[in-house]
Amino acid sequence: MKTTIQDVHKAIYIINIHAKNAPALYPMKHRAIQKLLKEGRAVKIGLTYSPNPGKALQRLNVLIRVGDFLFHLPSTKEDRRNLEILEDDPEYRNPKVYMPLKRAKRLLELYSPLLESPVDKEPLQKQPTTYIGLSGYLNGKVNNGIDAAYVLFCCMMW
């Protein structure tokens, strides 16, 4: 099945819908939109105030047109210097489309793959504890911080 640029637009929309519940999807959306911007297939329209600025008093987002869809990304210093602040249009809604999330993720991974795949680190092996011979409870230390060797020495002198 041939993938069109409209399919990529729809996939970004589907990822954007699910990203609120799965924040790990935001980088996938960001990579795809950045690639579309570099290719000239998306346009930065302007800045809008975020309705949910988080811990900040206010935050500006970049409004980006991708085909028939509008998306927001966090603004950069360059965006704040070069783009003007727009009034929010509460009437505008992105067109409703359907695509399975699994297909949308696969499509965006093919369109804008990660530059580096995350390196799978081997789990650290647990270091064996040294046993001095007093008891398994001590394992090299006594409860109040006295060294086990000192306790052994005292027991031999007794």
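Remember, it's a predicted structure, so these values are computed and weren't measured experimentally.
- Atom-to-atom distance recorded for Phe71:CZ and Leu36:CG is 9.0 Å, nearest 0.5 angstrom.
- Summarising the geometry of Arg65 relative to Gly67, their closest heavy-atom pair is CG-O, 3.4 Å, with the distance given to 0.1 Å.
- The minimum heavy-atom distance linking Gly46 with Leu83 is given by the pair CA-CB, 4.1 Å.
- Residues Ile33 and Leu73 meet the side-chain proximity criterion, which asks for heavy atoms closer than 4.5 Å.
- Each ring-ring contact (aromatic ring centres under 6.0 Å, His included) pair with one or both residues in residues 6-28, not counting sequence neighbours, appears once here: Tyr13-Phe69.
- Residue Tyr111 is grouped with residue Met99 when hydrophobic side chains (ILVMFWY) are merged at heavy-atom distances under 4.5 angstrom, including chains of intermediate members.
- Through direct or indirect side-chain contacts shorter than 4.5 Å among Ile, Leu, Val, Met, Phe, Trp and Tyr, Leu70 is connected to Ile45, Leu63, Leu86, Tyr92.
- Between the CD atom of Gln34 and the CD1 atom of Ile64 there is a distance of 6.5 Å, given to the nearest 0.5 Å.
- For Asp79, the salt bridge (charged side-chain N to carboxylate O under 4.0 Å, His left out) criterion is met by Lys44, not counting sequence neighbours.
- Not counting sequence neighbours, Ser112 has no partner by the side-chain hydrogen bond (donor to acceptor under 3.5 Å, both in side chains) test.
- In this structure, the side chains of Val66 and Val8 stay at 4.5 Å or more apart for every pair of heavy atoms.
- The shortest side-chain heavy-atom distance between Asn94 and Asp68 does not fall under the 4.5 Å cut-off.
- In this structure, Ile15 and Lys105 have side chains that are in contact, with non-hydrogen atoms separated by less than 4.5 Å.
- Taking Ile, Leu, Val, Met, Phe, Trp and Tyr as members and joining any whose side-chain heavy atoms lie under 4.5 Å apart, directly or through other members, Leu110 forms no hydrophobic cluster with any other residue.
- For the atom pair CD1 (Ile17) and CD1 (Ile12), the distance works out to 12.5 Å, reported to the nearest 0.5 Å.
- By the side-chain contact (heavy atoms from CB on, under 4.5 Å) test, Glu109 pairs with Met28, Arg31, sequence neighbours left out.
- Glu78 is linked by a side-chain contact (heavy atoms from CB on, under 4.5 Å) to Thr76, Asn82, counting only residues two or more places apart in sequence or in another chain.
- A donor-acceptor pair is defined here as one N or O able to donate and one able to accept, closer than 3.5 Å; such a pair exists between the side chain of Ser75 and the backbone of Leu60.
- Among residue pairs with one or both ends in residues 33-43, those qualifying as salt bridge (Lys or Arg N to Asp or Glu O under 4.0 Å) are Glu39-Arg41; sequence neighbours excluded.
- Proximity of Leu25 to Leu101: side-chain heavy atoms (C-beta onward) are separated by under 4.5 Å at one or more points.
- Put simply, Val62 and Tyr49 are part of the same group of oily side chains (I, L, V, M, F, W, Y) that touch within less than 4.5 Å, one to the next.
- Annotation: side-chain hydrogen bond (donor to acceptor under 3.5 Å, both in side chains) contacts of His72 (sequence neighbours excluded): Thr48.
- When the side-chain hydrogen bond (donor to acceptor under 3.5 Å, both in side chains) test is applied to Lys29, the partners found at least two apart in sequence or on another chain are Asn16.
- Arg106 pairs by the side-chain hydrogen bond (donor to acceptor under 3.5 Å, both in side chains) definition with nothing, not counting sequence neighbours.
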